[in-house]
Amino acid sequence: MNRLIISIGSNTSDRRERMAKALQWLSSTFHVIASSNIYETEEYHGRHAPYFNCVICAESNDADTVVISMLKDFEHRQGRTAESKATGLVPIDLDLMAFNGRTLRPQEFNRDYFLIGYREIIGRIKGSVPT
C-alpha cells in the first residue's frame with residue numbers, strides 16, 4: 001500500500017458542505033487512516049475569502065500519478081475550473097502533498113493552511129512520513 005497525505009480546501013459560501021462531500025468521496029476511494037478536524041485559514045495571498053481546510057492520511061494501491069489524476073478529476077466534477085481559480089473562489093482543492101514519505105509540494109507543505117492539519121494527525125500516523 002502507498003501512503004498518501006492529502007490537503008483539502010474550499011473557500012466558497014457552501015464550503016462546509018463541499019468539504020464534507022470531498023471527505024466522503026476520499027473515504028470511499030482510499031483507505032483513510034487519519035483526518036484532521038476542519039479548520040479555517042485566511043487565503044494565502046489575503047485577496048480572497050477564507051478557506052476551510054483539512055488534511056488526511058490515506059492508503060492506496062494506486063501510483064502517485066493515478067492518485068493526482070483522480071483528485072483533479074474530482075475537483076473538476078465539483079466545479080473547479082480555470083475560471084473559478086481566476087475569480088478566487090475555489091469550490092474544492094485536493095492536493096497530494098506527500099507520497100510514501102516523499103514530499104511532492106515542498107512550498108505548500110510548509111504553509112500554515114497545511115501544517116495546522118498535518119501537525120494534528122502526525123501523532124496518529126504510524127510509519128514514515130515527512131516531518
Side-chain angles (χ1 to χ4, degrees):
M1 284 290 230
N2 296 307
R3 178 72 52 99
L4 320 171
I5 303 291
I6 299 172
S7 176
I8 309 154
S10 176
N11 74 342
T12 56
S13 61
D14 60 346
R15 60 194 175 156
R16 184 167 303 282
E17 293 82 12
R18 290 184 179 274
M19 295 290 290
K21 189 171 188 175
L23 287 165
Q24 182 180 30
W25 176 78
L26 289 163
S27 292
S28 69
T29 305
F30 306 110
H31 174 71
V32 175
I33 297 167
S35 175
S36 75
N37 290 308
I38 294 174
Y39 51 95
E40 184 176 77
T41 61
E42 292 299 316
E43 190 263 342
Y44 181 72
H45 299 288
R47 297 181 296 216
H48 302 292
Y51 276 79
F52 275 173
N53 300 98
C54 181
V55 175
I56 69 162
C57 177
E59 291 180 329
S60 173
N61 287 320
D62 297 308
D64 57 350
T65 54
V66 173
V67 171
I68 292 168
S69 179
M70 293 166 71
L71 297 176
K72 297 309 161 193
D73 180 62
F74 181 81
E75 286 180 350
H76 181 73
R77 286 184 283 123
Q78 299 308 306
R80 179 90 189 260
T81 63
E83 181 180 303
S84 68
K85 188 173 181 177
T87 66
L89 289 176
V90 177
I92 199 70
D93 183 27
L94 302 176
D95 291 319
L96 181 60
M97 301 296 284
F99 187 83
N100 287 335
R102 181 173 45 94
T103 301
L104 302 180
R105 301 175 72 102
Q107 271 191 323
E108 291 92 346
F109 199 93
N110 291 305
R111 293 188 176 150
D112 283 342
Y113 64 79
F114 172 73
L115 285 175
I116 291 168
Y118 182 67
R119 287 178 178 141
E120 184 181 331
I121 67 170
I122 192 70
R124 294 183 265 151
I125 300 171
K126 294 182 180 180
S128 106
V129 293
T131 55

Measure the shortest side-chain to side-chain distance between Ile116 and Asn53 over non-hydrogen atoms and say whether it is less than 4.5 angstrom. no
Which heavy atom in Glu59 sits nearest to a heavy atom in Phe30, and how many Å separate them? O-CB, 3.6 Å
Any donor-acceptor pair under 3.5 Å linking the side chain of Asn2 with the backbone of Phe99? no
Is the shortest side-chain heavy-atom distance between Val55 and Glu120 below 4.5 Å? no
Could you check whether any side-chain N or O of Ser69 sits under 3.5 Å from a backbone N or O of Thr65, counting only pairs where one atom can act as donor and the other as acceptor? no
Is there a donor-acceptor contact under 3.5 Å from the side chain of Gln78 to the main chain of Arg18? no
When clusters are formed by joining ILVMFWY residues with side-chain heavy atoms under 4.5 Å apart, either directly or through shared neighbours, do Val32 and Leu96 land in the same one? yes
Hey, is the main chain of Pro91 close enough, under 3.5 Å, to the side chain of Ser10 for a donor-acceptor pair? yes
Side chains of Leu26 and Ile6: closer than 4.5 Å at any heavy-atom pair? yes
Are Val90 and Leu94 linked, directly or through other ILVMFWY residues, by side chains that come within less than 4.5 angstrom of each other? no
Any donor-acceptor pair under 3.5 Å from Arg15 side chain to Pro50 backbone: yes
Please check if Ile8 and Leu115 belong to a single hydrophobic cluster, counting links between Ile, Leu, Val, Met, Phe, Trp and Tyr side chain heavy atoms closer than 4.5 Å. no
Are there over 12 heavy-atom neighbours, none belonging to Arg16, within less than 6.0 Å of that residue's CZ? no
Is there a side-chain contact between Arg3 and Ile33 (heavy atoms, below 4.5 Å)? yes
Is there a donor-acceptor pair closer than 3.5 Å between any side-chain N or O of Tyr39 and the backbone N or O of Gly117? yes
Is it true that, when you exclude His48 itself, more than 12 heavy atoms of the residues, nucleotides or ligands shown sit nearer than 6.0 Å to its NE2? yes
If you group Ile, Leu, Val, Met, Phe, Trp and Tyr by side-chain heavy-atom gaps below 4.5 Å, do Ile5 and Trp25 land in one group? no
Under 4.5 Å between any side-chain heavy atoms of Cys57 and Arg124, yes or no? no
Within the 4.5 Å heavy-atom criterion, are Asp95 and Glu108 side-chain neighbours or not? no
Can you confirm whether Asn11 sits close enough to Leu89 that some side-chain heavy atom of one is under 4.5 Å from a side-chain heavy atom of the other? yes
Common cluster, Ile68/Ile56, ILVMFWY with side-chain heavy-atom separation under 4.5 Å: yes
Flag the pair Cys54 / Met19 as yes when at least one side-chain heavy-atom distance between them is below 4.5 Å, and no otherwise. yes
Hey, can you tell me if Tyr113 and Tyr44 have their rings parallel, tilted or perpendicular (30° and 60° cut-offs)? perpendicular
For the side chain of Ser84 and the backbone of Thr81, is there at least one donor-acceptor N/O pair under 3.5 Å apart? yes
Take Arg102 and Asp64 through the test side-chain contact (heavy atoms from CB on, under 4.5 Å) and record every step on the way to the result. CA-CA 11 Å; Arg102 181 173 45 94; Asp64 57 350; 3.0 Å; yes
